[in-house]
Amino acid sequence: MTDIPYDSEQVEKRAQHFWQVDGTFSAVEDLEREKFYCLCMFPYPSGQLHMGHVRNYTIGDVVSRYQRMQGKNVLQPMGWDAFGLPAEGAAIKHGMPPAKWTRENIDYMRGQLKRLGFGYDWNREFATCDPDYYRWEQWLFTRMLDKGLAYKKKAVVNWDPVDETVLANEQVIDGCGWRSGAPVERREIPQWFLRITDYAEELLAELDDLDWPEPVKIMQRNWIGRSEGVEVEFDIEDSDQALRIYTTRPDTLMGVSYMAVAAEHPLAMRAAEIDSELRAFIEECQRNAVSEAAMETMEKQGRSLGINAVHPITGETVPVWVANFVLIGYGTGAVMAVPGHDQRDWEFAREYGLPIKQVIEPAPGDTHACDIGSAAFVEYGVLVNSGKYTGLTFKKAFDAIASDLEAVGKGERQVNYRLRDWLISRQRYWGAPIPVITTGDDEPFGAPDETLPIVLPEDVDLGGGGSPIKQMPSFYETTDPVTGESATRETDTFDTFMESSWYYARFCSPDNDQAMLDERAGYWLPVDLYIGGIEHAILHLLYARFFHKIMRDEGLVDSPEPFKKLLTQGMVLKDGAKMSKSKGNTVDPQQLIDRYGADTVRLFIMFASPPEQSLEWSDDGVQGASRFLRRFWRLVQDYAQGEQPAALNPDEFDDSQRNLRRLVHTTIEKVSDDIGRRYTFNTAIAAIMELMNSVAKFKVENAQGRAVVGEAVDCAVLMLAPIVPHVCHELWSVLGHETAVTDERWPNVDKSALLADTMQIIVQVNGKLRARIEVATGVGNEVVEQVALADDNVQRFIADQPVRKVIVVPGKLVNVVV
RNA sequence: GCCCAGGUGGCGGAAUUGGUAGACGCGCUGGCUUCAGGUGCCAGUGGGGGCAACCCCGUGGAGGUUCAAGUCCUCUCCUGGGCACCA
């Protein structure tokens, strides 16, 4: 028995020192070698790593080290998503500028990442609050401005009337400001947008080719929400105004019984001028939260505007209402209501006593219930009560009605998207300044390249509430670079999603001060594997895809998409709930690292569940991981104390040696598949544990026995190296190897070792397990069937019943049906 | 409300293509070793029955398809994620 104790702290120190001195993880472009760019979503520097980070970055490190052992040229960088709201809150709380707070957090968290032994190329590190970084974002924005891809229009914000500041949705709690407690108001202010909708079709189409989880692609498709419909114009009675609406169900046009417009719609505003009760209702609507979830769940309310719209086909009039569930920022801010065939319209009509008309009935053979008296019938069907359209099916009715509307100039076919343009203005301090200048009443224009970056002043005091640069003439006062006349800088900053939309590309060329990207991006991009939380499935990933296409159109990258493969990890839970300070169920990774070492933490977090599922934290489980590593250490040390093993000679094997060697190679096969293809690290670890259990039980009785164990131990160290790299670094040299384990190749499967003489077959009678039989490998189905039928227990269950059928699945099972 | 996941022993999870439910680990029980300590080793461990061989039941719930269903279909309940200014 070895008496060398497993001292994780010393082992980890030695390995990390070696990697640093050796420059193991510095990535160098090499056109001769196949590259692998592995990227994890970078962290917001909130102060310390949490378990979600540890999980995310361990997954990325395991894949990176595995791909390196496959011979790939691996790039694994790390940086900081450093702008954002929490820094402003912390600044007010601690009386410290956000920049200082952020950079101190980064220094601490970098130390934590290093302590965990992640193989990052630290030479490429940057933070998004570095002017050298956001400079190029500002530059790209001015290109977009030139191309008309960036534009300004009014948009609604949450306004805190007491603090006189714009609030994030997160800062609105039950409709009130988080600090002031005052009811929040909707306010419209001019803001910057990016025309992501110009790319809607491409963003939708290219999803098909991505190797991403299907649920994420489905969510993005739904988010983009392509629909084919008709834009219809309703005249307003006794007026030269018109009301435009978009519908995907023109087949129900003959069932329209009222129209509904948003509170901010011009028709509603006009009507409110002469109707105080209506005005009160509209004001009430403007106190509603703006989020879609709030819109959809609140009680549906409305008021009649006292005006009528004229049906474009029948000429009949229908009343126009204002409704709290219609949003001005979405579509035309107005909808046609068909209560017979839309559930929300139905409920609204019921509430306010509006007529409900059936114009669709179920198609022949359709079994959906249809009773307009108790609910809307929302399926496609056959038209009824629809004049000349009666009897048509959906598609035919769509075409006929659309054509008729087009013929009279009252409508046109249109493809619509649910996706809206990206609002990138934030009325906050801690973000990248929007590089725009305004002179007098002229249109704003982009800051000239040579004036970039527009640097955010960092030595500020946030005590005054609101963004300090809005009160800082030294920041916003400037001159027109051409005319020299006095001008004003934009004081809004970019949405922080802007920075996270292109950082993956900048890691390729982090030190270039002449250009945003260079030819190195051509080598590394696209990212081969991108790993991060499922909560980013829509927004971040859609914005990054959009940015990539913008950069492609600017000639900066040549691929269509940024992330070839995506792995979305689940959350880390404790007692069934997300870890959070308010619930008091957090587990500090640092304490665990201090107590057990990085390898134990890495092993447990990879073993506890597969990456896509949520992970239930367990302190006892960490103990188990620690125990395994100690056993593993002892087993390898014990083996290494013996003499050099003989060469493997399969002809000399006895049965137990042959069995152990078969297990070694079936394990290599399984672990390679689990890590390389399935990303199920938990089952890979389980398989290696099984192998080690068998090695521990195995009795070495001769030279070939020792040789087989030697191969098993070597392979186990190699296969565990990506997961617990420190202990494997040390054990690899203990085993007498001169090279570093990080420079070794992944073990190969010896196919000849996999062959077995016999196989086990399951025998069922009527689908229930009744016997297990052992047959020689390769015997025919007839023989297997005979042996199965001859089994005593099988005979007992067949009894005197006639055998109706026998199903034989080769190599697996026999099912006897009686 | 809408979109997307998930629900399997006391616990985390496994079962990859419809073919042995519960691998591996934790916990627990019994035993051995030990200067009983967050040590090591051995055996057992889904529920019920049986001395045993074995048998019956069992994957949130209700139906269905199939020789065979954790896996496929329909409905339903519960939990989690997202919903455009948290990141």
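Chain letters run A, B, ... following the sequence lines, proteins first, then strands; residues in each count from 1.
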Among Asp674(A), Thr680(A), Asp673(A), the one residue meeting side-chain hydrogen bond (donor to acceptor under 3.5 Å, both in side chains) with Arg677(A):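 Only one of Asp674(A), Thr680(A), Asp673(A) forms a side-chain hydrogen bond (donor to acceptor under 3.5 Å, both in side chains) with Arg677(A), namely Asp673(A).
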Using atom P of each nucleotide, how far apart are G10(B) and A23(B) to the nearest Å?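 14 Å, rounded to whole Å.
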Counting only side-chain heavy atoms from C-beta out, which of [options] sits nearest to [X]?
| X | options | answer |
| --- | --- | --- |
| Phe607(A) | U39(B), C24(B), A5(B) | C24(B) |
| Arg631(A) | G1(B), C41(B), A84(B) | C41(B) |
| Asn682(A) | U20(B), G12(B), A14(B) | A14(B) |
| Leu419(A) | C56(B), C83(B), A84(B) | A84(B) |
| Pro86(A) | A87(B), U16(B), C55(B) | A87(B) |
| Glu690(A) | A23(B), A84(B), G82(B) | A23(B) |
| Ala293(A) | G13(B), U20(B), G1(B) | G1(B) |
| Lys768(A) | C56(B), C57(B), C4(B) | C57(B) |
| Asn793(A) | G1(B), A84(B), C55(B) | C55(B) |
| Asp81(A) | A84(B), A87(B), G40(B) | A87(B) |

By the 4.0 Å heavy-atom rule, please label [X] as base, sugar-phosphate, or nothing.
| X | value |
| --- | --- |
| Tyr44(A) | sugar-phosphate |
| Trp422(A) | nothing |
| Tyr596(A) | base |
| Arg221(A) | nothing |
| Ser609(A) | sugar-phosphate |

side-chain hydrogen bond (donor to acceptor under 3.5 Å, both in side chains) contacts touching residues 688-699 of chain A (sequence neighbours left out):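 Listed by first then second residue: Arg631(A)-Asn693(A).
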All stems with RNA chain B, defined as three or more consecutive Watson-Crick or G-U pairs under 3.5 Å: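 Stems found: B:1-7 with B:77-83, B:10-12 with B:24-26, B:27-32 with B:40-45, B:46-49 with B:54-57, B:60-64 with B:72-76.
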Go through the side-chain N and O atoms of Gln613(A) and Gln569(A) and say whether any donor and acceptor fall under 3.5 Å apart.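 Note: Gln613(A) and Gln569(A) side chains miss the donor-acceptor criterion.
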Under 3.5 Å between N/O atoms: give me all the protein pairs with nucleotides 26-33 of chain B, atom names plus distance.
{"unit_1": "C26(B)", "atom_1": "OP1", "unit_2": "Arg627(A)", "atom_2": "NH1", "d": "2.8"}

Can you name the side chain to side chain contact (heavy atoms under 4.5 Å, CB included) partners of Ala127(A), sequence neighbours left out?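 So Ala127(A) forms a side chain to side chain contact (heavy atoms under 4.5 Å, CB included) with Trp80(A), Ala82(A), Ile106(A), Cys129(A), Asp130(A).
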N/O donor-acceptor pairs under 3.5 Å from side chains in residues 540-547 of chain A, not counting sequence neighbours:
{"unit_1": "His540(A)", "atom_1": "NE2", "unit_2": "Tyr530(A)", "atom_2": "OH", "d": "2.7"}
{"unit_1": "Arg545(A)", "atom_1": "NE", "unit_2": "Glu561(A)", "atom_2": "OE1", "d": "2.9"}
{"unit_1": "Arg545(A)", "atom_1": "NE", "unit_2": "Glu561(A)", "atom_2": "OE2", "d": "3.3"}
{"unit_1": "Arg545(A)", "atom_1": "NH1", "unit_2": "Leu203(A)", "atom_2": "O", "d": "3.1"}
{"unit_1": "Arg545(A)", "atom_1": "NH1", "unit_2": "Gln220(A)", "atom_2": "OE1", "d": "3.0"}
{"unit_1": "Arg545(A)", "atom_1": "NH2", "unit_2": "Leu203(A)", "atom_2": "O", "d": "2.7"}
{"unit_1": "Arg545(A)", "atom_1": "NH2", "unit_2": "Glu561(A)", "atom_2": "OE2", "d": "2.8"}

Check this for me: does the side-chain of Lys670(A) come within 3.5 Å of the base of U16(B) through a donor and an acceptor?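 Between U16(B) and Lys670(A), which were checked side chain against base, a qualifying N/O pair under 3.5 Å is present.
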Quick check: any donor-acceptor pair below 3.5 Å linking the side-chain of Arg677(A) to the base of U16(B)?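 Answer yes: a donor N or O sits under 3.5 Å from an acceptor.
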Would you call [X] and [Y] a salt bridge, taking side-chain N to carboxylate O under 4.0 Å as the test?
| X | Y | value |
| --- | --- | --- |
| Glu490(A) | Lys470(A) | no |
| Asp342(A) | Arg249(A) | no |
| Glu188(A) | Lys153(A) | no |

CG of Asn222(A) versus P of A84(B): gap in Å, rounded?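 Nearest whole value for this atom pair: 16 Å.
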Among residues 806-816 of chain A, which contact RNA chain B at a heavy-atom distance under 4.0 Å?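 When residues 806-816 of chain A is checked for heavy atoms under 4.0 Å from RNA chain B, the hits, listed by number, are Ile807(A), Val809(A), Lys812(A), Leu813(A), Asn815(A).
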Assign the ring pair Phe348(A) / Phe325(A) to parallel, tilted or perpendicular, where the plane angle (0 to 90°) is split at 30° and 60°.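 Because their plane-to-plane angle is over 60°, the rings of Phe348(A) and Phe325(A) count as perpendicular.
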